[in-house]
Amino acid sequence: MNANGAVALQLVQVRKSFGPVMALRSGSLTVCSGSIHALVGENGAGKSTLVKIVAGLYQRDGGDFLLHGESVDFSSTAASKDAGIAVIYQEPTLFPDLSVTENLFMGRQPVGAGRRIDRKAMHEEATALFSRLGVSLDPRRLAEGLSIADQQIIEIAKAISLDASVLIMDEPTAALSGVEVDRLFAVARSLRDEGRALVFISHRFEEVFDLCDTVTVMRDGEYVSTDAIAETTPAAIVSKMVGREVAELFPKTPATIGEPVLQVAGLESAGVFHDVSFEVRSGEIVALAGLVGAGRSEIARAVFGVDGYDAGTVTLNGTAVRPRSPRAAIRAGMGFVPEDRRQQGLVTEASVAHNVAAVIRTKLSRLGLITRSAENRAAGPWSGRLEVKTNALDMHATTMSGGNQQKVVIAKWLATDPSLLIIDEPTRGIDVGTKSEVHRLISELAGQGMAILMISSELPEVLGMADRVLVVCEGRITADIDRADATPESVMTAATNTIGAAS
Amino acid sequence: MSTTTLVEPSRRSAAQRAVSTILTSRESAIALVLVVVVLAATSQRSSFLFSSDSWRDLLLAPSILLLLAVGQAVVIITRSVDLSVGSTLALTAYLTGRLFVDNPGIPVVVVFLIGIAAGALLGLVNGLLVALGKVPALVITLGTMYIYRGIVLEWAGSDRINASDMPSGFLALGTKTILTIPVLTIIAVVVLVAVGYYLRTARGGRELYAIGSDPDAAHLYGLNVRKRVIGAFVLCGALAGLAGVVYAARYGTISSSAGTGIELQAVGAAVIGGVAIFGGSGTVWGAAIGAWLLITINRALPILGVQDFWQRAVVGALIIAAIVLDRVLAIRRSRKLIEARDDS
C-alpha cells in the first residue's frame, strides 16, 4: 500500500439544483492520495453533477468543497484545471481537426523564442508520455477517427502532463473492450502508485472490485455510505444503491393483455445495437431498462423511424412499418414521446392548443388552412381528460411545469389515436407530486388497450409500472423479466452484465 | 483484434512527411488549378502572361480580395463568418479619401494606420455582438453589413472621391512595382505571411482552430473562447480596413457602392481554398490561393471564349465542388471509423 494517505479531495454535503429539480441534495465524498475511489449509484443519483462541480463546470449552491485541505471555489474549468484536477468524461472531448499532440497541449503549448510554439519539444513530450503509458499512438495523427479507447488514453496523457493530483474518470470503461479496459486499469494503478488520487465512476461491479480501494454509494442525490472494498460485497453495494422500498405507490391498474401490437425482429444498427427482438401486446406496458448509453433510446428511435437501421423488421398490427419514416410510423399507429420534451416534443413558444393539434393538423385543415377555433375544438377534450392544469388553451407551453408539459405532449399523441405509444423517460425532470399523475395516465391508457413501450432509467418506475422488463446492456437485450420476477437486483444485474463475447 | 485500433506512430522521416504533406494538401491542388488556368489562357493569348501590363495585373488584381480572404479565413476557422467586410471596405475607402480631402498633406502612413484602426473598430463591434450576444455570426454580420453600408450612403451621399482629390504619391502606390512586383501585392503577401505564421506557431492561433473544431471542448479545456472570437473579428475588420485603403490607392475613385458583394467572394475564396465552413481546418494560404484563383478565372474565362453567364456558373461550380469534395471525404472517413469499431 501507499504510505501517502492524505485527503486530497473532500466534498461535504454539497447541494445543487437546476430550477425546481434538485440534482444533488447532499453529496459527500472524501478521496485520499494514492488510492482509487469508486463512486457508484443508479442513473440520476447525482454522480455526474458532483463531478461537474469538481470540474468547475457547475457552481455548488451550498456545502463545502476542499482540495488538499483548503476550501476552493471554481468559477471555471480553467480554475479547476490549474488547481490540479483532471476530469475524463464518458465522451472524450477532443478537437477532431487537430493532431493528437495539439490536443494534449492546447492552451499550454511549450513556447520558445518569440512565444513561438516549439513543435519539436511538444512532439517529443507526447511521445514520452505515450511510451510511459505503454501505448503506441502517432502523435502527429489527427484526433478524428480515433477509437474511444485511444481518445481516453489521450485524455489520461493530458492529465498526467498537467501533473494532476486528482483524476476523475466518469464511466471510462463504458465503450471499451476487454483488452482496452486492462490497459486502462494498468495505467490507473501506476498513477495511484505515484500518489495521485483517482475517482472512478462505473456501473460494472467486477471492475469496481478489481480496481478500487474504497467505494462511495450515492442515491437520489444523496450520500449513502463509504466502505473499504475489502470489507464489502457487490450484493451489499447493490442493496445500498437501490435502497428504498419499491412500493412507492404506483397506480398500476390491471389490464387485459391481448394480441401483439408491435413486433420487432432482429433489429440491427452497426455500432449502436445488435439483434434486438421483442414484442409488445395490447394493454401491456413493456419497460426498456438499462444504463444510460446502453442503446435504449436508440432502439426506440429506430422503431419509430427517426433513425435508420441496417437489418431487421418492425411490424405494427401485422403490417410492416417502413424504416426511416416517422410519418409512416404515425400513419401505422405509433406515437412517440421523446426524452427531451422541451427540445423534441413541444413547441414551447406555442399555445397548448397549437401543440396538441400539431400532429393531426392535416385532419383539421380546411382547404389547407387551420383555424384557431378548429385547434381549440380538437385540443379541448384531450387536455381536459388529462387534467392539464392550464388556465386556457392559449397559454404558452413554455410557462408550464414539467409535469403539465409532459401531459401536453402525451395529449398531442392521443389525438392521433395510436395503438402503440413509445414514451422515453416519462417523468424525467418532473417533481415527485406530479410523477404519479403521469404514471396513472400511462396506466389508464394501457387499461384501455393501448400498447405502451416505456424507456426509463428510474428503477422504481420500471418495477412499479411495467408488466414486463426488457433489460438492454451495451446494445443487446440481456434479459426479459416478468413483472412477478422483476426485482431491483435482477434488473441491475442484467444491466451491468457485460457480455464476454462483445469484447 | 482490439489492439489493432491503436494507431502506430509513423516511421517516416521529417523530410518524407513534409513531401507527402505538400503533395496531398488542398493548397497544392488549388495552386495546380491556378497554374492550369493561367497556362490555358496564355496558350490562347500569349499576352495573358507575357506582357508587362498583364504580368502586373495577374499579381495586382487579387491583392484586395486576398486581404479580405485572409481575414475571412481566420473568422471561418473559428466557426463564424463575417459578411460585413464589403461594407467595412467601402467605409474605410471613403474615409481614406475624406482624410486626404479634409487634411491636405497628411502623411500616407498615418492614413494607412487610421484605415486599419477604423476597420478594427468595426470588427470589434461585430466580435462583441457575436461573442457576448451569443447570436450566430451570420445574422449579426448580415445586420452590420447593412448598417455599415448605410453609414457610407449617409456620409457620402452621391458624393464621389476622385483621383484628383488624393495626392499622387498615394495613387502611385497603386501602380508602383518593386522588381516587377506591385507594391500593393507585396503588402498583401506580407500580411498573408504574418497571419499564416501566427495561426501556425502562436498559441492564440492554434486556439482559434481548437474553438472552431469543437467549441464545447474548447470551453472544457479552459480556453478563453470569447476573447479569441472577438480577436478574430477585430483582425478580420482590420484587414478589411487595410483593403479599403488599398482600394482607394488602386482605383482612385471611391463611391458609396465600393466593394458591394465582395464579402461573398471572400467567403468563396476561403471555401475554395479548403477552409472548412464549419471551422477548425484550413489555412490562410489556401484562402489566399483561392482568392487568386477566383480573380484569375474571371480574367481568363473571357479569353478562353466562355460567355458571361457561364463565367459565373464556373465560379459557382468551383465552390460547390470544393464543398462536396470535403463532405465526401469526411463521410468516407467516419464510415471507416464505425466499421473499425464494430470489428474490434
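Numbers restart at 1 for each chain; the letters A, B, ... are given by sequence-line order, proteins then strands. Quick caveat: nothing in here was measured; it's all calculated off a predicted structure.
Rounding to the nearest 0.5 angstrom, the gap separating the CG atom in B:Leu220 from the OH atom in A:Tyr89 is 5.0 Å. Residue B:Glu207 holds its CD atom at 6.5 Å from CD of A:Gln109, rounded to the nearest 0.5 Å.
Interface residue B:Leu223: only side-chain heavy atoms are found under 4.5 Å from chain A. Within the 4.5 angstrom heavy-atom criterion, atoms from both the backbone and the side chain of B:Ala218 approach chain A. Contacts of B:Tyr198 with chain A are absent, with no heavy-atom separation under 4.5 Å from either backbone or side chain.
Between the side chain of B:Ser281 and the backbone N or O of A:Asp97 there is no donor-acceptor pair closer than 3.5 Å.
When side chains are defined from C-beta on, B:His219 does not count as touching A:Thr93, because their heavy atoms never get closer than 4.5 Å. Side-chain contact between A:Phe105 and B:Arg203: absent, with no pair of heavy atoms (C-beta onward) separated by less than 4.5 Å. Counting heavy atoms from C-beta on, the side chains of A:Ile117 and B:Arg200 never come closer than 4.5 Å. B:Tyr209 is not listed as a side-chain neighbour of A:Glu102, based on a closest heavy-atom distance of 4.5 Å or more.
Between A:Met106 and B:Ala210, the shortest heavy-atom distance links the atoms CE-CB, 3.6 Å. B:Tyr221 and A:Leu94 get closest at one heavy-atom pair: OH-CD2, 3.7 Å.
Within a 6.0 Å radius of CZ in A:Arg324, no more than 12 heavy atoms belonging to other residues, nucleotides or ligands are found. Residue-environment remark: CH2 (B:Trp285) exceeds the threshold of 12 foreign heavy atoms within 6.0 Å.
Per-residue heavy-atom pair counts under 4.5 Å with chain B were compared for A:Asp118, A:Ile153, A:Val111, A:Asn103, and the maximum is reached by A:Asn103. The greatest number of non-hydrogen atom pairs below 4.5 Å with chain B, out of A:Lys81, A:Lys158, A:Arg115, A:Arg119, is found for A:Arg119. Ranked by heavy-atom pairs under 4.5 Å with chain A, the first of B:Asp214, B:Ile211, B:Thr201 is B:Thr201.
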